[in-house]
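What follows is a single structure, written as structure tokens, with notes after it.
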Amino acid sequence: MTEVTVVDIIGYIVILVGVLFDLLGAIGLVRFPDVYNRLQSATKSVTLGTFGIMIGILIVTGFTPLGIKALICGVFLLLTAPVSAHALSRGSLRFGAKMWKGTVIDSYGKDKLGGPQIESEEGETKESKEKEDEVA
Amino acid sequence: MSVLWISILIILGVASFLCLFRIFRGPTIADRMVGVDIMGILFVGITAITGIIYNLSFLLDIAIALALISFVGTLALAKYLERRTLDD
């Protein structure tokens, strides 16, 4: 094992923080109640985490070909991941995926789609009541 | 290959399995597309970590190409999603 300098330790710490951001984003992808909440959690923290991994590789290896390619890859991710997340959220709103019922405001749906796209609790209870009536 | 790199790869693998759970159990198509997008970005990170473990710089080229393919594929899927409704 070669010797470990202080710069290497700083790079390892940056890589570890990035990996923890990745893990937290994936946990948010499973735990959140809604398409839009999942998209927000996962895209923000996973983009930042992978950018941290790339910056950590640049710090560890210095300005070798590996480090410069890692820097280019990180900048590319930082530019393109928000664009794809925006396209996905707009597409799923046009597709008709409802928001979580605890959502407070939906200006885009009110202006462009003729009414807020928030999932209503009353509709579900009505359907369940009708089913109960049919059973009775 | 020390304990640090093995633990980092294991954490990234666990994150990919969580995305796989969302792909299989997603209530709508939009959830599955979000899972595929996030899994693509995680694979870019895994490829870069493998590149620094074995000191191979061409794996970073593969990571850049993977990020580009994931971006274009997600844009195409979102454009396809806008043309559909919940009925079919």
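Lettering of chains follows the sequences in order, A, B, ..., and the numbering in each one begins at 1.
The distance from atom NE2 of A:H86 to atom CG of B:L75, rounded to the nearest 0.5 Å, is 10.5 Å. Remark: A:S92 OG to B:I29 CD1 distance equals 11.5 Å, nearest 0.5 Å. In this structure, CG in A:D22 is found 9.0 Å from CD1 in B:I41, a value given to the nearest 0.5 Å. From B:L66, atom CG reaches atom SG of A:C73 across 8.5 Å, with rounding to the nearest 0.5 Å.
Heavy-atom pairs under 4.5 Å with chain B peak, among A:A42, A:G74, A:A85, at A:A42. With chain A as the partner, the residue from B:L56, B:D61, B:L12 showing the most heavy-atom pairs under 4.5 Å is B:D61. Here A:S84 is the residue among A:P65, A:A87, A:S84 with the most heavy-atom pairs under 4.5 Å with chain B. By number of non-hydrogen pairs under 4.5 angstrom with chain B, the leading residue of A:V30, A:V60, A:I68, A:V19 is A:V30.
Remark: A:F21 CZ is loosely packed, at most 12 non-hydrogen atoms of other residues, nucleotides or ligands lying under 6.0 Å away.
No side-chain heavy atom of A:L29 sits under 4.5 Å from any side-chain heavy atom of B:L18. A heavy-atom distance below 4.5 Å is found between the side chains of B:W5 and A:I15. Between B:I52 and A:T61 the shortest side-chain heavy-atom distance falls below 4.5 Å. A:M54 places a side-chain heavy atom less than 4.5 Å from the side chain of B:V44. Inter-residue side-chain proximity for B:V34 and A:T43 is flagged as unmet; no heavy-atom pair is nearer than 4.5 Å.
Under the 4.5 Å side-chain heavy-atom criterion for Ile, Leu, Val, Met, Phe, Trp and Tyr, B:I46 and A:I72 are members of distinct hydrophobic clusters. Transitive grouping of hydrophobic side chains (ILVMFWY, heavy atoms separated by less than 4.5 Å) keeps A:V83 and A:L78 in distinct clusters. A:L24 is not connected to A:I13 by any chain of hydrophobic side-chain contacts under 4.5 Å among Ile, Leu, Val, Met, Phe, Trp and Tyr, and they are in different clusters. Both B:F24 and B:V14 belong to a single network of hydrophobic side chains, linked directly or stepwise wherever heavy atoms of I, L, V, M, F, W or Y lie under 4.5 Å apart. One hydrophobic cluster holds both A:L16 and A:L23 under the rule that ILVMFWY side chains link at heavy-atom gaps under 4.5 Å.
Both the backbone and the side chain of B:I11 come within contact range of chain A, with heavy atoms under 4.5 Å apart. In this structure, chain B has a heavy atom under 4.5 Å from the side chain of A:I53, while its backbone stays farther away. Heavy-atom distances place both the backbone and the side chain of A:I27 under 4.5 Å from chain B. For A:L77, the part lying under 4.5 angstrom from a heavy atom of chain B is the side chain only. Heavy-atom distances place the side chain of A:T50, and not its backbone, under 4.5 Å from chain B.
The two residues B:A30 and A:V35 have their closest heavy-atom pair at CB-CG1, 3.9 Å. Nearest heavy-atom pair, B:L68 versus A:F76, reported as atom, atom and distance to 0.1 Å: CD1-CZ, 3.5 Å. Summarising the geometry of B:L81 relative to A:F95, their closest heavy-atom pair is O-CB, 3.7 Å, with the distance given to 0.1 Å.
Not a single donor-acceptor pair under 3.5 Å links the side chain of A:R94 to the backbone N or O of B:E82.
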